[in-house]
Number of protein chains: 2
Amino acid sequence: MNAQFKKGVLELIVLLCVSHKDRYGYELIVEVSKIVDINDGTIYPLLKRLTNEKYFETYLVESTEGPSRKYYKITSLGEARLSELKESWLAFSSSINEFIRESEESDKE
Amino acid sequence: MNAQFKKGVLELIVLLCVSHKDRYGYELIVEVSKIVDINDGTIYPLLKRLTNEKYFETYLVESTEGPSRKYYKITSLGEARLSELKESWLAFSSSINEFIRESEESDKE
DNA sequence: TTTACTACTTGACAATGTAAGGTAGTAAGT
DNA sequence: ACTTACTACCTTACATTGTCAAGTAGTAAA
């Protein structure tokens, strides 16, 4: 997979994941890894940034399986950011796909 | 448009453009701008990189409308890179789109 | 007490796009 | 002759975001 494609899209994926239910970092790593290849050093700084930007609020919950889990909860600002990003992604990806399709058309001629 | 989405995709767009016919830099700026927002400071370094990586060969052609044009021609290595990138993009974008769709499904529940 | 798994954090680094500026040729208007 | 505009190319300093590698620490089973 091209590493560069991920840029910017990770934020969308993480926002989507958290929008369904509150999540903690480690859980997000597992979830997000199903879709794109990432390591934990990518997720935690991203969560920090999104929290600084007021898209997430956090709270701690003790765990019986290890250290306390820091949960991330989406804010209304985060929801707004999510729908903005989602729309922006859909427009972007479909315009690229259309360009690819057009290219394939003109190759036939 | 989200600036980050562009990362990596520009290379695909430029390869696609050049694969149809030889292009010069300024022409590419005009072409590529139709699809994504870019400035010339993005294109020229990219063309240099792709040429260094042997995806393009270049030749100069004099112009009656200004300075000589440096044309870029795709190599067979470049064609291979293009189909690799294209496939990689299609797989990537469809997996993201599927994830978005699934999210919307689970929102209804 | 060692190993493995969960969980979070940080800092140096790499890749790629942006902004802003520069050089220079052609051509048309004043 | 001088200016303006358009064509054409290039470079440098910078910002953003992801990667890698390393570290800290709690729980629990062998």
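Here is how names work: the chains are called A, B, and so on, in the same order as the sequence lines, proteins then strands, and each is numbered from 1.
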Is a donor on one side and an acceptor on the other found under 3.5 Å between the side chain of S33(B) and the backbone of I29(B)?
yes
Do Y26(B) and D40(B) have a side chain donor and acceptor closer than 3.5 Å?
no
E104(B) with K86(A): basic N within carboxylate O range, under 4.0 Å:
yes
DNA chain D contacts made by residues 59-71 of chain A, counting heavy atoms under 4.0 Å
T64(A), E65(A), G66(A), P67(A)
Closer than 4.0 Å, any side-chain N/O of Y44(B) to the OP1 or OP2 of dC10(D)?
no
Distance only, no hydrogens: is a donor on one side chain within 3.5 Å (strictly under) of an acceptor on the other, for N39(B) and T42(B)?
yes
For the atom pair CD (E98(A)) and OG (S93(A)), what is the distance rounded to the nearest 0.5 Å?
11.5 Å
Return the residues of residues 15-36 of chain B meeting this criterion: a heavy atom under 4.0 Å from some atom of DNA chain C. Order them by number, or give none.
none
Collect all protein-nucleotide pairs involving nucleotides 16-20 of chain D in which both atoms are nitrogen or oxygen and the distance is under 3.5 Å.
residue	atom	partner	partner atom	Å
dT17(D)	O2	K7(A)	NZ	2.6
dG18(D)	OP1	G8(A)	N	3.1
dG18(D)	O4'	K7(A)	NZ	3.4
dT19(D)	OP1	K6(A)	NZ	2.6
dT19(D)	OP2	T42(A)	OG1	2.3
dC20(D)	OP2	N39(A)	ND2	3.3

State, yes or no, whether a side-chain contact exists between I74(B) and L15(B) at a heavy-atom distance under 4.5 Å.
yes
Side-chain donor/acceptor of T75(B) to backbone N/O of Y55(B), under 3.5 Å
yes
Given the rule that I, L, V, M, F, W and Y join up when any side-chain heavy atoms are under 4.5 Å apart, are L60(A) and Y72(A) in one cluster?
no
Students often mix this up, so state it plainly: with edges at 30° and 60°, are the rings of Y59(A) and Y71(A) parallel, tilted or perpendicular?
parallel
Rounded distance (Å) that lies between atom C1' of dT11(D) and atom NZ of K48(B)
7 Å
Check this for me, if you would: do R49(B) and E11(B) make a salt bridge, where the nitrogen-to-carboxylate-oxygen distance has to be below 4.0 angstrom?
yes
